[in-house]
Structure formats: C-alpha cells, structure tokens
Amino acid sequence: MKASLRVVILSWEFPPRIVGGIAPHVYNLSCDLVSKGVDVHVVTCDFPGAEKSEEINGVHVLRVDSSKISSPNFATWVYLMNMHMQSEAADLINHLSGDVDVIHAHDWLVANAAIGLKHIFRVPLVATIHSTEMGRRNGLRTDYERMVHQTEKWLSHEAWRVICCSKYMASHVRSTFVLPEERVVVIPNGVDINDFPKEPDKTQFRRSFASDDEKIVLFVGRLVYEKGVQVLINAVPKVLAKVNAKFVIVGDGYLKDSLAGQVNRMGLNHKVYFTGFIDDQTLRKLYGCADVCVVPSLYEPFGITALEAMAAKVPLVVADSGGLSEIVGHDRTGVRVFPNNADSLAWGITRVLLNPVYATWIRTNAYNEVLDKYNWMKAGEKVKILYQWIRSEHQDGSWKPIRKAEKYVPLNRKSNLIIRPEVEKTPSLMD
Amino acid sequence: MRVIILTWEFPPRIIGSLAHYVNRLAVELVKNKVDVYVVTYHDIWNGYDEGADGVKAYRVSNPVKAQISVITWDLSLNQEFARVAADIYYSNNREVNLIDAHDWHCVPAAVSLKKAFHIPFVFSVDSLEDHRSPGANTPFNLSIKGIEQLGVHEADKIIVKSEWMKQEVNRIYNVPSEKIAIVSPHSPSWISEIIESYKEAAIVPEDIRAAVG
C-alpha cells in the first residue's frame, strides 16, 4: 500500500475549456486535493491552445482527443468522445502501473469512459451527479432524453458512492435512480472569497450599470424557464412603487427575447438592463456594486450564484426551492420568499433595500457562513475522507486486480474464507 | 495461446454471415489447441456458456436500453465487453495473448484493453462503412468511419478475407500494406494461416515486455 492517495478525475470540461459549472468545480476541488497531499490526475477534453499534457498547481492534466468528426447529435458526440477518453486514460493508468485508488467521474458526460475503466483496472468509481436529465427537462419525453437518463442511472449504479451537492439533490438522485440511502453522500460546493474584490468600485464602474440614486438589484443565471427571471420582472413595478432601483439581469438563454418583450410591454425598458453573458472578472466587480442579489429559481439543484453573492457580501433574496432552501436561512443569511410568486419576491427585495441594518445583518451572517461551511477546503477535506474510506473498503473486499504473482481464487470462494477486519466507523459527511 | 474474440453476433444471435464465420473460427481454433473465449452480445440469454465444441462464450446485454442509434448502442455495449474481457484476463493470471475484434462494433473495447494491458489486438475486417453505405457521408456514417479509423490505426494486425479488401483498407484508411494479412476463409489451410497471423501480431517487442513484467 502506497502512502498517498491517487485519483484519476474524468471531466468533460476543465479550464481553459469552460462550458458550465463543472469546470470551476473540478478545478477548485483538484487544487485543494493536491494541497492535501492527494496525487490528482485530471483527464479532460482538448481545447484550442491548451497543452496536451501539463501540470497546473500540482494537478496533472491530460487533454484527450475529443472526437472532432461531426456527430449526428450531442449525445452521440459525448459517447464518441468517451471512447477516445477511455483509451487515452487507460494508457495513462497503465503508465501509473494501475496504481490508482479511485476513479472520479463528473456527470453522465464521462460515464462510459469511467465505467469501462473501473472494470478494466478494478478500481472503485465515485460519481458526482451535478444535475439530472429528469430535472433539467422536467420529465422524460424522447428516446434521447431516456438514453441520457439511463446513462446517468447506469453511472450511479456502477459508482461505489455518489456525491451530490445538496440534501435536496441527494434525495432527488436517490428516488430518480432508485439508490440505497447509504450510497449517496452530500458534499456542498465551495466558493473562493478571494475571487471577489475587497473594495468594490462604486463610482465609475457602477455608473455603467445604474445611476447613483438607483439601487442595483442583481440577477445572475441562464435565461431559462426554471431560473424564474419572468417572476422577477413581474415583481419590478411592485418594487419600484417603494424604492428607486435598476434591475441588472446577467446571463443568456433561450428566454432572452421573450423576457425583453415582457419588459417592453410593461414599459420598464429604462429600469431593466440585460447585460448578456459577462466574464467572471467583470461579474465579480458587479457583485460588489449590487445592493441586493436575487435567485428566483423554480428548480435549483444547488444554487452557486447564491454562494457567490454571499461571498461578495451582497444581501440575498432567494426562492424557497431546491438547494436554495438549504443554503439560505430565512432572516439569518438571507430572505426566503415563495417560489413563483412576484408579490412575495417584491416584498423580499424591498425588505432588504429599505432596511440597511437588516441588510447588513443578513449579509454579514451569510459571509461568515461561507467562510465556515462553503469553502473548497471543507469540500476537499470531505472528498479526501470519502476516497480514503472507499480505499479501505476496497482493500477489505475481494474485487481486485490480480497481480501476476498471485494465484487467482474465484471471487465467491475467497469472500467466504476471508475474515473481515474491523473497519473504523464511517466518518459522517453530512455535517 | 489464449485468445479473446469480440463479436457483436454469434450463434444463436445471427444478423449476417459474420456469426457463422466467427463460430467456425472459434471451433477450429479450439481444435488447434488455442484457448478461445468469445465475448458477444445477447439481449436476454446472458452469462457463461461452454459448448461441447470447447468454445467458451460470454454473452452480455446492453446496460442502456433506450437508444438513439446503433452507434450509441454499440458504445455503451462495449463497456460490458471490456468488463468481461478484463474478468477473463484477471481470472487467467493476466495471461491473454491476443484480442481479435470483428468489425467496428468491437473496436472501442479492444483499443482500451490494448492500452491498459498491452494485449496485442487484431482487427478482423469483414466489411467497411464505405461499402455498406456507399457515398453516404452524413455525420452518422462519418462517426462509424471514425471508429473504423481508430481500429485500423491501433490494430497490431488487420486480417481481411480478400486481396480486394486489403486494397480497400489501404486506400480508405491509408494503412501500410504490410500490416494487413489476407486469409481467405475458403483456403484449405485457412485456420493455420489465421494462427500464423495471430502469432505475428502477438509478438510483443522486448522493451514493452520488460515494462509489463
């Protein structure tokens, strides 16, 4: 048994290739695991200008041929990309003499490659399910959606443990994929407070979004139905009746035109500003200028934007839905309002904007909660404990790669003969 | 010599002529003292089966039932091929001399196993996408050709059944002709020629042998 833990992480995105939330998640987690002495190898898709193989903050990154032949559709591309990812990762693990403790897969996008590698090398598999097809589509209608769903289910059943980022998500994953309770562990996402500017620029930069006498109400997220921007727009006149404010909507999505039309019909063009997609650095400066941040989601597995607002010391108003209900304590770290209810949302926003003392109270509590609970060091610690725990379970079991010198004993007989050693009580990952 | 044959059709599952060909191949190899494992697909008749002819067959089903095309169907099935082939490898004390993959359907598993364990890999080409769908260059056809391309590129030896097919593999995929062996199923010395090609492919260079131990 070697001293340090070694993990091979499979992810379809890793900086500089950033599509959604998985890239920053895997990046932050990998860096933190390295700082805790874990040997981390990330296998990901190639990206123009990025090295085939390099070391970033101690993380070994291998970028594989992501199948550039045109595919009939996204899911077929994903499957083909997995074929290349699997063979290149097999080569990597072979060079590591098969000496890997855990293979860690992020979402169905790498399911095929991860499952095959698990069986080829007989290394335990951990899967993080960030979201589900059932949740993203609100049901399954086509064979395409059913295939993605079954691939997710297959991954969750092949995994030694499944990681979810919230209790809400864990319960959704357990019931959707029919998993035993002990198979799913909750490890919340983290956010890095150092990413946010200490002294926000409240003059020149702020003036490109709102005039000085306007409060800034900030929304960040994809402009899609489940994010609830339409509810926020309906709340705008109700807020304006009490406070002068500018509503800044950051993000892009298929609802953009319909939302712009809604604003136009309500005669609110001068009060609602659609910025489109903006880069991380500008966004973090913008957080610093906001007077309140709103997350009105109808479906939300976790709610990373809520964490970002908390880290940026912006008071938070969220819909009482999904993972948001777990992150935000009402009247303690934010305001929770009824989901899909414009009156309730307007009440929450004005409550924050009209009570500076209350706003300071919730945003200070929220910031402290982030420091205490939602940082990558905490997440990394829990993931490392999980890896160690799985390694010890794997060592006690009989499903193992057979070394050349060992004689093969059929699995069922060996497990009868073995006297299982006392295993330490499993550490709790819920707190 | 121990050989794992990967095929998407094998009796009782018969799609075309390949099932009969692979069956005859497996039976003849057993007669010639080759330890043969066939890993193949069947939707309901799964598990291990050893026939009176001495051929050991493992049949797996597809872990993903809802599918959008034969490509995705094939790629999820290959994970089960890889799992069973790895089981055979471990249960035989890591001694498997060769993987013989028939047509593009079995290429993904064969390539990963080759990379993982340095098991030499023979790609037996019965037909090519260019001939099955002549002139069709839709993303669907191109994706299958991409898998064939990976197969011919990674194979240690390509076995074809005719001079014409050798020229076609050479023309379409730019494979050096010395990598391609022609073994006609109608030749009287067919099985000994197959075993000869297997032996050529199974020669592992000394430096790799040293690295694997």
Side-chain angles (χ1 to χ4, degrees), chain A residues 65 67-73 75-80 82-84 86-95 97-98 111-122 140 142-151 153-155 157-158 399-411, chain B residues 62-95 104 107-119 121 137-151 153-154 208 211-213:
Chain A
D65 175 5
S67 185
K68 280 163 224 72
I69 296 168
S70 65
S71 308
N73 50 48
T76 307
W77 174 80
V78 168
Y79 269 51
L80 286 164
N82 269 263
M83 173 178 78
H84 292 287
Q86 184 177 67
S87 74
E88 293 195 39
D91 204 31
L92 169 75
I93 299 175
N94 180 302
H95 279 95
S97 312
N112 271 22
I115 292 165
L117 290 168
K118 163 195 161 176
H119 289 295
I120 290 172
F121 292 102
R122 294 195 170 173
L140 305 168
T142 63
D143 275 347
Y144 182 99
E145 291 167 9
R146 275 187 283 273
M147 185 182 88
V148 173
H149 167 76
Q150 287 182 15
T151 307
K153 183 169 180 175
W154 178 34
L155 175 67
H157 282 240
E158 288 278 358
W399 177 77
K400 277 178 195 159
I402 317 292
R403 303 279 168 216
K404 265 236 154 116
E406 297 173 54
K407 193 170 178 330
Y408 176 74
V409 184
L411 294 179
Chain B
N62 200 318
V64 179
K65 303 293 179 197
Q67 289 288 351
I68 50 173
S69 73
V70 70
I71 299 173
T72 54
W73 174 87
D74 180 71
L75 288 164
S76 56
L77 177 62
N78 262 268
Q79 307 315 326
E80 283 290 281
F81 285 171
R83 176 177 69 79
V84 172
D87 280 349
I88 294 167
Y89 174 76
Y90 288 122
S91 60
N92 283 293
N93 200 24
R94 290 184 174 242
E95 278 155 15
W104 69 273
V107 162
V111 172
S112 289
L113 291 162
K114 178 200 155 166
K115 299 268 188 186
F117 304 135
H118 290 305
I119 305 175
F121 152 44
N137 278 321
T138 64
F140 177 85
N141 304 108
L142 290 175
S143 297
I144 292 177
K145 285 164 82 167
I147 299 175
E148 286 181 347
Q149 167 99 51
L150 182 74
H153 179 74
E154 292 289 347
I208 294 180
V212 179

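Below, chain A is the first sequence line, B the second, and so on; all start at residue 1.
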Problem set entry | Option that, when pairs with chain B are counted at under 4.5 Å, heavy atom only, ranks first among A:Thr142, A:Asp91, A:Ile115 | A:Asp91
Exercise. Are side-chain heavy atoms of B:Val64 and A:His149 found at a separation under 4.5 Å?
Worked result: no
For this session: Just say parallel, tilted or perpendicular for the rings of B:Tyr90 and B:Phe117, cut-offs at 30° and 60°.
Result: perpendicular
For this session: Answer with side chain, backbone, both or neither: which region of B:Lys114 has an atom nearer than 4.5 Å to a non-hydrogen atom of chain A?
Result: neither
Seminar exercise, completed: Closest non-hydrogen contact found for B:Leu113 with B:Ala86 is CD2-N, 4.4 Å
Problem set entry | Largest heavy-atom contact set with chain A, pairs under 4.5 Å, which of B:Ile147, B:Val111, B:Val107 | B:Ile147
Seminar exercise, completed: Most contact-rich option vs chain B, by heavy-atom pairs under 4.5 angstrom, among A:Gln150, A:His95, A:Glu158, A:Lys153, is A:Gln150
Exercise. Is any side-chain heavy atom of A:Thr151 closer than 4.5 Å to a side-chain heavy atom of A:Met147?
Worked result: yes
Problem set entry | Test: A:Lys118 cationic atom under 6.0 Å from A:Trp154 six-membered ring centre, within 45° of axis | no
Exercise. If you measure from the Lys or Arg side-chain nitrogens to the Asp or Glu carboxylate oxygens, is any gap between B:Arg83 and B:Glu80 under 4.0 Å?
Worked result: yes
Problem set entry | When A:Ser67, A:Ala113, A:Pro72 are compared by non-hydrogen pairs under 4.5 Å with chain B, the top option | A:Pro72
Seminar exercise, completed: Answer key: most heavy-atom pairs under 4.5 Å with chain A among B:Gln67, B:Lys115, B:Lys65 is B:Lys115
Exercise. Who among B:Ser112, B:Ala85, B:Gly146, B:Ser69 has the most heavy-atom pairs with chain A under 4.5 Å?
Worked result: B:Ser112
Exercise. Using a cut-off of under 4.5 Å for heavy-atom pairs, which of A:His157, A:His119, A:Glu145 has the most such pairs with chain B?
Worked result: A:His119
Problem set entry | Top contributor to chain B contacts, counting heavy-atom pairs under 4.5 Å, from A:Ile93, A:Leu92, A:Ile120, A:Ile69 | A:Ile120
Exercise. What part of A:Asn73 lies closer than 4.5 angstrom to a heavy atom of chain B: side chain, backbone, both or neither?
Worked result: side chain
For this session: Could you walk me through whether B:Glu154 and A:Ser87 pass side-chain hydrogen bond (donor to acceptor under 3.5 Å, both in side chains), step by step?
Result: CA-CA 10 Å; B:Glu154 292 289 347; A:Ser87 74; 5.8 Å; no
